[in-house]
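First comes the structure, then the notes that go with it.
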Amino acid sequence: MEPEREPGGDQRNDVSKRAAAKEAQVREVVALIRARGYENVSLAVVQDELGLARTTAYNRLVEARARVNRAAS
């Protein structure tokens, strides 16, 4: 017989895994921006380099650009 699980236990783990994956992707995009230049990292570049769907790539690019802008100011 399996031990009882806490309700939502697996969901919290999934959320933290997704958050970690998102953070890693944003960091990759920041690295691309620093390596290639701000204007040279487009949505298409992020999609191709990271293999992300369009909406996900867009969100990661927006976050990465915000981080780069904050670091520059």
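Keep in mind the model is a prediction, meaning the values are calculated, not measured. Every heavy atom of this structure was used, including side-chain atoms; hydrogens, water molecules and symmetry mates were not.
Put simply, the side chain of Arg34 reaches to within 4.5 Å of the side chain of Val30, judged on heavy atoms.
Using a cut-off of 4.0 Å between Lys/Arg side-chain N and Asp/Glu carboxylate O, Arg67 and Glu28 are scored as not salt-bridged.
Taking both residues in full, the closest heavy atoms of Val29 and Ala64 are given as CG1-CB, 3.4 Å, listed atom of the first, atom of the second, then distance.
Taking CG from Leu61 and CD1 from Ile33, the interatomic distance works out to 6.0 Å, rounded to the nearest 0.5 Å. In this structure, CD in Gln25 is found 10.5 Å from CG in Asn59, a value given to the nearest 0.5 Å.
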Candidate pair Arg65 and Glu39, rule salt bridge (charged side-chain N to carboxylate O under 4.0 Å, His left out), full reasoning
CA-CA 10 Å; Arg65 285 180 173 172; Glu39 298 298 324; over 6 Å; no

Result block: side-chain N/O donor-acceptor pairs under 3.5 angstrom for residues 43-51, not counting sequence neighbours:
| from | atom 1 | to | atom 2 | distance (Å) |
| --- | --- | --- | --- | --- |
| Glu49 | OE2 | Arg36 | NH2 | 3.1 |

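Residue Tyr38 places its OH atom among more than 12 non-hydrogen atoms of other residues, nucleotides or ligands, all under 6.0 Å distant.
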